[in-house]
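Beneath this line is the structure, given in structure tokens, with notes to follow.
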Amino acid sequence: MNTRKFVLYDDSDDGGKDSPAHGASLEKYQSELNSAQFEAVTTTDGALLVVAGAGTGKTKTLTYRVGYLIESGVPASDILLLTFTRRAAQEMLARAAAICDSRCSQIQGGTFHAFAHKLLRLHASQIGLAENFTVLDQADAEETLDIVRTALGFNKKEKRFPKKRTLATVISTSRNKQLPIELVVEAQYPHFLSFAEEIEFLAKKYREYKRANALLDFDDLLTELRDLFLNFPELGHQISSSLRYVMVDEYQDTNLVQAELVAHFSAVHKNVMAVGDDAQSIYAFRGANYRNILDFPNQFPECKLIKLEENYRSTPEILSLTNFVINRAKEKFTKTLFSRKPEGELPAIVSAPDERFQTRFIAQRILELREEGVPLREIAVLMRNGRDSYALELELRKRNIPFVKFGGQKVVEAAHIKDFLAYLKLIYNPRDVISWNRVLQLLEGVGPKTAKQVIEWVKDSGSPYEIGGVKMSAKYAASLKNLGDLLGSLSSGKKSLGETAAAVMNYYLPLMHEKYYEDFPKREKDLENFLNIIANYQNLETLLAELALDPIELTAIETEPAKPDEQPMTLSTIHSAKGLEWRTVFLINMLDGVLPSKYAVDDAASLDEELRLLYVAMTRAKSLLYVCYPIVCTQRGFEDYMSNPSRFLQKLPDALYERILLVQEKRKSPPQLSGKAKPQLQKKASGGKNENFNDDNLPF
DNA sequence: AGAGTCTCGGTTTTT
DNA sequence: CCGAGACTCT
Ligand SMILES: Nc1ncnc2c1ncn2[C@@H]1O[C@H](COP(=O)(O)OP(=O)(O)OP(=O)(O)O)[C@@H](O)[C@H]1O
């Protein structure tokens, strides 16, 4: 006979705090956590700060705490989990979900921006925000700024007026760091100081423009939500009442606005936990301030502080190197991590003759590791800049090694996809000036001036899609009508998103062939793949908002869909790798000028941040770490030149690492691949007497 | 005058 | 590899 459980919901307010709900399961927590972690997990009420180094189990503690709360009877929807980056958010939520059962899907959270967006959509009408507001991504924000700048005539007046990119950076930095524009300009672009007033004015006009057109940029998502709490206290109270437990991972990455939001979220229940590591603060450039984490105890009185010092991720060898590296910071950190993991291999520094060799080394080593039984998903290649992996991507494709990439160019940043999306955006919002501008200029004979005329007409027209009727020279009449008819017919909302996209594609393809006659086949493939992805979204509004907040990597549509039988390896910028771990990690292009970035070398604070970046990168590795760089660099428009390895790698104690020499030989055993010679590797411990290799006795 | 073409210079990291 | 500006064509 079947027995079914019947769940009695406990809606009483004390959430079973005193109920013996745990009993047996407490042991589970006790056995899988060390005592400090256990204490953090079971300290559920009040403010709690966990400061600890890389790999000490901060995220583990946080996710176990979620499990613990849920087992105590706290509804998952009362728990809010936040962090700054999308990747870390994804990891955090996935790990939390793995701890407990299906209830976990009810956990609130994700990135700060995504959560703010959700709340704003939900409460738009109550705070005087248009319900169908549009989220501007980086590029949209810059275009919008450009419109305002042109309207003000700032682009004409002075030749040297800053570019839209610079303007966007200045305005955003000023908001994120809550500093006056003048100070930001002075600090970052002193040569533009004479324009400070104009930029200030521009920022004001930009703000007004966004408000008038129901546009929110990324910064607005956070500040609008903060303003909700300030200006609509009852609504704010209602929101925070539903968030009984607030937890923030990677707290060192928060900026002032985010810290304010955390305070608002937890204002009612005051159960707030922050987790972070000041040695891993790598987002100062966007206003993150590791002082937030140091100030946390002041902000939340009676805050309990817990430190974790045992690293469970990396071998002692890797940890010795990373401890040494982080100690090179000007501003010292006091934590020293230890590991009780079994001994492993020394981290290796690989100086490749040039980029080509670096690429071949990595590709070959990955295949060897796979042969040895290391799954690809346990391997990552990390880099400072998204484009540092282009050559490697080609090689991996050539060798059929599946990979996913994080932190590269986004789909929505590719010109042909932007074109395509512009039509969809117009269907969603016929007053989207940026998209009109883009779409109109795709028409033969239409440039900036004609587009502007049409847009002026559209602005005060009651039926914006009827651009066929604009009094214009006959030259454009037909094509304008065509465009207007297409958009008009698709805006009725009768067609599914997939059908709409297909119709747009049908219209756009011939224009695309014209505009990109050089490489349209590749772009057409992209569009086809993109079309398939689009079809999975519910509707246009969701699609557009999601693409802004959680953009798809360009490589995701350029690569053939992954084979389901093998999980891919990872390529990632170091920034996007935060909070993750792999058995084997390769760092590529570790050159001076790359890491540290050439933009950071003149300033001690920036240099320290670059060092922390290297620290984050190295501490991602569980058991094997390869630090690679090419000796000779090739750069477009320059002669080949000798590079310098990162200054952070200079004068490392010999005992901490070994060097790998790349030696090219013909393959003796089965000529597997094309039979071409592949580099073999030879290891030399750097500690030995005559084996202390440096770059000039490499055999190249 | 406005559209189309070509060249040069600048290029971080994220939401 | 894209955007801005100079230059040329209609
Ligand atoms: N008490 C423990 N016993 C065994 N393994 C542990 C313990 N705590 C953490 N680990 C393991 O150590 C690894 C690192 O943990 P986690 O990712 O939570 O660290 P973290 O502090 O968040 O690191 P980072 O700051 O680098 O993101 C994970 O594989 C985790 O499972």
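Numbers restart at 1 for each chain; the letters A, B, ... are given by sequence-line order, proteins then strands.
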If we check side chain to side chain donor-acceptor pair (under 3.5 Å) with Asp550(A), which of these qualifies: Gln90(A), His113(A), Arg86(A)?
Arg86(A)
Phosphate contact ([N] OP1 or OP2) by [X] side-chain N/O below 4.0 Å:
X	N	answer
Ser576(A)	dT14(B)	yes
Ser597(A)	dT13(B)	no
Arg165(A)	dT12(B)	yes
Lys164(A)	dA4(C)	yes
Thr450(A)	dA3(B)	yes
Tyr599(A)	dT13(B)	no
Arg86(A)	dT15(B)	yes

Taking [atom1] from [X] and [atom2] from [N], how many angstroms apart are they, rounded to a whole number?
X	N	atom1	atom2	value
Glu444(A)	dT10(C)	CD	P	13 Å
Leu591(A)	dT12(B)	CG	C1'	15 Å
Leu595(A)	dT12(B)	CG	P	15 Å
Gln409(A)	dC1(C)	CD	C1'	8 Å
Tyr516(A)	dC1(C)	OH	P	14 Å
His416(A)	dC1(C)	NE2	P	12 Å
Glu142(A)	dT11(B)	CD	P	13 Å
Arg387(A)	dT14(B)	CZ	P	12 Å

Starting at NE2 of His264(A), measure out to CD1 of Ile239(A) and round the result to the nearest 0.5 Å.
11.0 Å
Output for pair (Thr223(A) OG1, Arg175(A) CZ), nearest 0.5 Å, gives 4.0 Å
Are Arg286(A) and Phe84(A) in a cation-pi setup, meaning NZ or CZ lies under 6.0 angstrom from the ring centre and within 45 degrees of the ring axis?
yes
Quick one: is the NZ or CZ of Arg328(A) closer than 6.0 Å to the six-membered ring centre of Phe648(A), and within 45° of its axis?
no
Side chain of [X]: nearest nucleotide among [options]?
X	options	answer
Gln138(A)	dC2(C), dT14(B), dA4(C)	dT14(B)
Arg384(A)	dT14(B), dG2(B), dT13(B)	dT13(B)
Lys163(A)	dA4(C), dT15(B), dT13(B)	dA4(C)
His575(A)	dT12(B), dT14(B), dG3(C)	dT14(B)
Lys449(A)	dT13(B), dG2(B), dG3(C)	dG2(B)

Using a cut-off of 4.0 Å on non-hydrogen atoms, how would the nucleic acid contact of Pro551(A) be classed: base, sugar-phosphate, or nothing?
nothing
Touch class at under 4.0 angstrom, heavy-atom based, for Val446(A) against every strand present:
sugar-phosphate
Using 30° and 60° as the class limits, which term best fits the ring planes of Tyr508(A) and Tyr423(A): parallel, tilted or perpendicular?
tilted
Is there a stack between Phe285(A) and dT13(B), judged by ring centres under 5.5 Å and planes under 30°?
yes
Both Glu610(A) and Gly447(A) contact DNA chain B. Which one's nearest nucleotide lies toward the 5' end?
Gly447(A)
When the nearest nucleotide of DNA chain B is assigned to Phe84(A) and to Gly445(A) on a heavy-atom basis, which residue is associated with the more 5' position?
Gly445(A)
